[in-house]
Amino acid sequence: MREVRTRFAPSPTGGLHLGGVRTALYSYLFAKKHQGKFILRIEDTDQNRYVSGAEQYIVDCLAWCGLSPDEGPHIGGEHAPYRQSERKESYKQYALQLVESGHAYYAFDTTEELEKMREDFKSTQNPSPQYDHTTRMKMKNSLTLTNEEVKQLLAINTPYVIRISMPANETISFTDMIRGEIKNDSNLVDDKVLLKADGMPTYHLAVVVDDYLMKISHAFRGEEWLPSVPVHILLWKYLGWENDMPHWAHLPLILKPDGHGKLSKRDGDRLGFPVFAMDWHDDKTNETIKGFKELGFLPEAFINLLALLGWHSGEEKELFTKEEMIVAFSMERVHKGGAKFDYEKAKWFNHEWIKGLPAKTLMPSMQTILLSADIPLKDEPFLLDVITLVKDRCVFLNDIVMQSSYFFQAPIAIDFDAIKPKWADDKALFFSELIHQFSQLDTWEMQGIEETFKTLATEKNIKVGELQFLFRMILVGAKFGPGVFDIAYKIGKEETQSRIQYLLQKIGTV
RNA sequence: GCCGCGUUGGUCAAUCGGUUAAGACGCCUCCCUUUCACGGAGGAAUGACGAGUUCGACUCUCGUACGUGGUACCA
């Protein structure tokens with residue numbers, strides 16, 4: 001069996017969305033499962049849609065997800081270059097080879113002439129006429145022109161494209177790894193442009209040539225490519241590479257959670273969740289579109305949730321590390337139907353991952369987040385303890401700010417509305433007495449704090465629970481966080497006393 | 001319009017001819033906790049429709065409906 005080589009071949013036109021990352025992920029998992037190589041190829045054949053910075057962004061996203069390619073434009077490899085714009089010259093010879101063998105032809109039609117043809121042949125039965133076996137003989141191309149005329153046009157540098165000549169009455173079939181045998185009628189496929197007027201290949205030519213040259217064994221891509229497979233199959237055949245053709249797999253689409261359609265880049269803002277792996281800044285509109293990374297997703301959770309969107313191991317397990325996925329993954333278990341993206345489930349994956357990872361692993365990223373939120377951090381052992389205490393309450397990494405800031409500074413806002421109904425003179429007395437009793441403590445240990453608190457409550461004949469609630473409001477300022485005695489212990493005796501003192505003063509004035 | 005692909009609870013999904021049709025997310029109830037979570041125990045909710053094959057169909061076949069993709073010198 002030949003070496004497994006998969007590729008991820010995005011166009012650098014903007015942010016990398018969920019579907020793209022998933023295609024990369026499946027390609028990566030499949031390659032790694034079979035001890036193969038995962039290649040990144042940049043398909044920048046469309047000059048008009050090219051966006052500078054997008055390529056580096058793609059590389060960064062893959063790195064963040066832990067899907068680093070074995071070969072690619074930024075690292076090289078034996079089949080370099082990996083950027084199609086840099087391979088421009090090599091495509092033309094193949095296009096010419098096809099003209100030579102009669103499987104392709106020159107077409108000189110202008111945009112206007114093409115539009116006119118579409119207009120002329122338009123009917124209710126056929127609202128979108130194609131450049132195909134029914135119309136090609138009415139157009140301006142090397143099939144309708146004499147050899148002399150063609151030579152003439154070429155000699156005076158008339159712009160031209162090279163189109164594939166789709167055969168009539170052929171059934172083109174192939175086996176898709178996910179969907180099984182798929183048949184297409186060649187009559188229904190148009191004469192796709194292979195080489196554009198600017199000399200660049202279209203996707204159709206480029207993908208075949210590069211997959212061949214780069215020895216790709218398995219080609220995965222989105223389901224939207226299914227209709228053009230016949231063109232690609234024929235190209236492999238006409239170029240004489242049939243035996244080297246990769247195994248195809250067309251991945252199901254990721255759909256919008258509401259309404260209908262393929263999940264698009266614009267759905268993010270509209271529906272309030274990210275669709276890009278990382279923040280994407282659009283220079284044209286000067287807008288930044290939020291990414292999963294910046295929103296506080298762990299890369300482990302991100303690829304985990306993506307993997308399960310269209311693939312299922314067959315077991316009940318849902319949480320997978322990348323290594324586990326490599327072992328469990330198989331193309332046979334990828335679904336045929338599209339999946340609607342569910343952000344709630346995505347959050348659940350992240351929450352599970354945060355709960356599952358040790359505080360130490362989480363610390364670097366959480367530290368960065370806290371620092372950028374201007375939280376006055378203490379030493380690392382202290383931070384580590386705090387993270388251990390609160391991480392289970394964080395759905396996003398960024399939640400650490402809200403969940404832990406009161407460990408580092410007195411609460412900025414106190415929910416007095418929640419306190420007042422429960423406040424009374426005996427409570428005030430209790431807390432001022434508590435400050436005093438805490439002062440008597442030789443050591444500041446959790447057990448001692450709790451005992452002191454409860455003994456005093458019993459003495460004063462006040463329900464412990466009620467006092468604990470108030471104590472929480474004093475220390476945290478709101479109704480959340482871990483056990484109050486944990487918090488008091490962690491922030492220290494002085495700070496605890498000072499927060500009680502502060503409230504005692506404040507409560508009289510509000 | 002035509003062509004391709006698809007269709008199990010609201011969502012992700014198991015099942016590969018015989019089950020009370022798993023499990024997860026979300027939702028609801030209760031327990032734990034006078035906080036927010038976590039955790040625990042329960043609950044509601046499903047085979048698009050119609051034929052056919054078969055002793056038996058969610059599973060196979062066909063049709064219909066619906067969804068989705070394509071129908072570019074974009075990928």
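Order of the sequence lines fixes the chain letters, A, B, ..., with proteins taken first and strands second; residue numbering starts at 1 for each chain. Below, all heavy atoms of this structure are taken into account, side chains as well, without hydrogens, waters or symmetry copies.
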* To do: Would you mind checking if A/E344 and A/K347 are paired as a salt bridge, meaning a charged N to carboxylate O distance below 4.0 Å?
  => yes
* Asked: Using a cut-off of 4.0 Å on non-hydrogen atoms, how would the nucleic acid contact of A/L195 be classed: base, sugar-phosphate, or nothing?
  -> nothing
* Which of the following nucleotides, B/A14, B/G6, B/A75, is nearest to the side chain of A/T45? -> B/A75
* Asked: Taking OP1 and OP2 of B/U34, is either one under 4.0 Å from a side-chain nitrogen or oxygen of A/Q468?
  -> yes
* Passing candidate, side-chain hydrogen bond (donor to acceptor under 3.5 Å, both in side chains) with A/H250, options A/R179, A/K336, A/E223, A/R221 -> A/R221
* Taking only side-chain nitrogens and oxygens of A/R163, does any of them come within less than 4.0 Å of OP1 or OP2 of B/C73? -> yes
* Could you give me the stems involving RNA chain B, meaning stretches of three or more consecutive Watson-Crick or G-U wobble pairs whose two defining distances are both below 3.5 Å? => B:1-7 with B:65-71, B:10-12 with B:23-25, B:27-31 with B:39-43, B:48-52 with B:60-64
* With a non-hydrogen cut-off below 4.0 angstrom, is A/G337 in contact with a base, only sugar-phosphate, or nothing? -> sugar-phosphate
* **A/N141 versus A/Y131, side-chain donor and acceptor atoms under 3.5 Å** => yes
* Remember a base hit wins even if backbone is also touched, and classify A/D176 as base, sugar-phosphate or nothing at under 4.0 Å, heavy atoms. => nothing
* What nucleotide among B/G69, B/A75, B/G23 has an atom nearest to a side-chain atom of A/D46? -> B/A75
* Asked: Side chain of A/E352: nearest nucleotide among B/G39, B/G4, B/A75?
  -> B/G39
* To do: Provide, to the nearest angstrom, the distance between the CG atom belonging to A/N304 and the P atom belonging to B/A24.
  => 16 Å
* Asked: So A/W311 and A/F329, would you call those rings parallel, tilted or perpendicular, with 30° and 60° as cut-offs?
  -> tilted
* Asked: Contact class for A/A339 (heavy atom, under 4.0 Å): base, sugar-phosphate, or nothing?
  -> sugar-phosphate
* N or O in side chain of A/S128 less than 4.0 angstrom from B/G1 OP1/OP2 -> no
* **Base B/A24 to side chain A/K345, donor-acceptor N/O within 3.5 Å cut-off** => yes
* State plainly whether the residues A/D342 and A/K345 are in salt-bridge range, i.e. N to O under 4.0 Å. => no
* Within this structure, what is the NZ-to-P distance between A/K256 and B/C12, rounded to whole angstrom? -> 15 Å
* Sugar-phosphate, base or nothing in reach of A/K422, heavy atoms under 4.0 Å -> base
* Taking the side chain of A/H312 as its heavy atoms from C-beta onward, which of B/U35, B/A75, B/A13 lies nearest to it? -> B/A13
* Asked: Cut-off 3.5 Å, side chains only: do A/N126 and A/S123 have a donor facing an acceptor?
  -> no
* **d(NZ, A/K317; C1', B/G23) in whole Å** => 14 Å
* Could you tell me whether A/N126 contacts a base, only the sugar-phosphate backbone, or nothing, with contacts defined as non-hydrogen atoms closer than 4.0 Å? => base
* To do: Just call it for A/E43: base, sugar-phosphate, or nothing, with non-hydrogen atoms closer than 4.0 Å on any strand.
  => sugar-phosphate
* If you check every side-chain atom of A/H351, which of B/C38, B/G69, B/G1 has the closest atom? -> B/C38
* Any A/R179 side-chain nitrogen or oxygen under 4.0 Å from OP1 or OP2 of B/G69 -> no
* Asked: For A/K116 and A/E112, what are the C-alpha separation, side-chain angles and deciding distance, and is it a salt bridge (charged side-chain N to carboxylate O under 4.0 Å, His left out)?
  -> CA-CA 6 Å; A/K116 186 173 184 303; A/E112 293 71 34; over 6 Å; no
* To do: Pick base, sugar-phosphate or nothing for A/V193, based on heavy-atom distances below 4.0 Å to the nucleic acid.
  => sugar-phosphate
* What is the distance from CZ of A/R221 to P of B/G69, rounded to the nearest Å? -> 17 Å
* Asked: A/K347 near the nucleic acid: base, sugar-phosphate alone, or nothing, with a heavy-atom cut-off under 4.0 Å?
  -> nothing
* Can you tell me the distance, in whole Å, between the CG atom of A/L188 and the P atom of B/U71? => 14 Å
* Asked: Looking for any heavy atom pair under 4.0 Å, which part of the strands does A/G222 touch: base, sugar-phosphate only, or nothing?
  -> nothing
* Are any of A/K196's side-chain N or O atoms less than 4.0 Å away from OP1 or OP2 of B/C74? -> yes
* Asked: Are A/D46 and A/Y203 linked by a side-chain donor-acceptor pair shorter than 3.5 Å?
  -> no
* **Side-chain N or O of A/H335 closer than 4.0 Å to phosphate OP1/OP2 of B/A14** => yes
* Distance, rounded to the nearest Å, where A/R49 contributes CZ and B/A72 contributes C1' -> 11 Å
* Asked: Any side-chain N or O of A/K479 less than 4.0 Å from the OP1 or OP2 oxygen of B/U33?
  -> no
* Asked: Looking only at side chains, do A/D210 and A/Q84 share a donor and an acceptor under 3.5 Å apart?
  -> yes
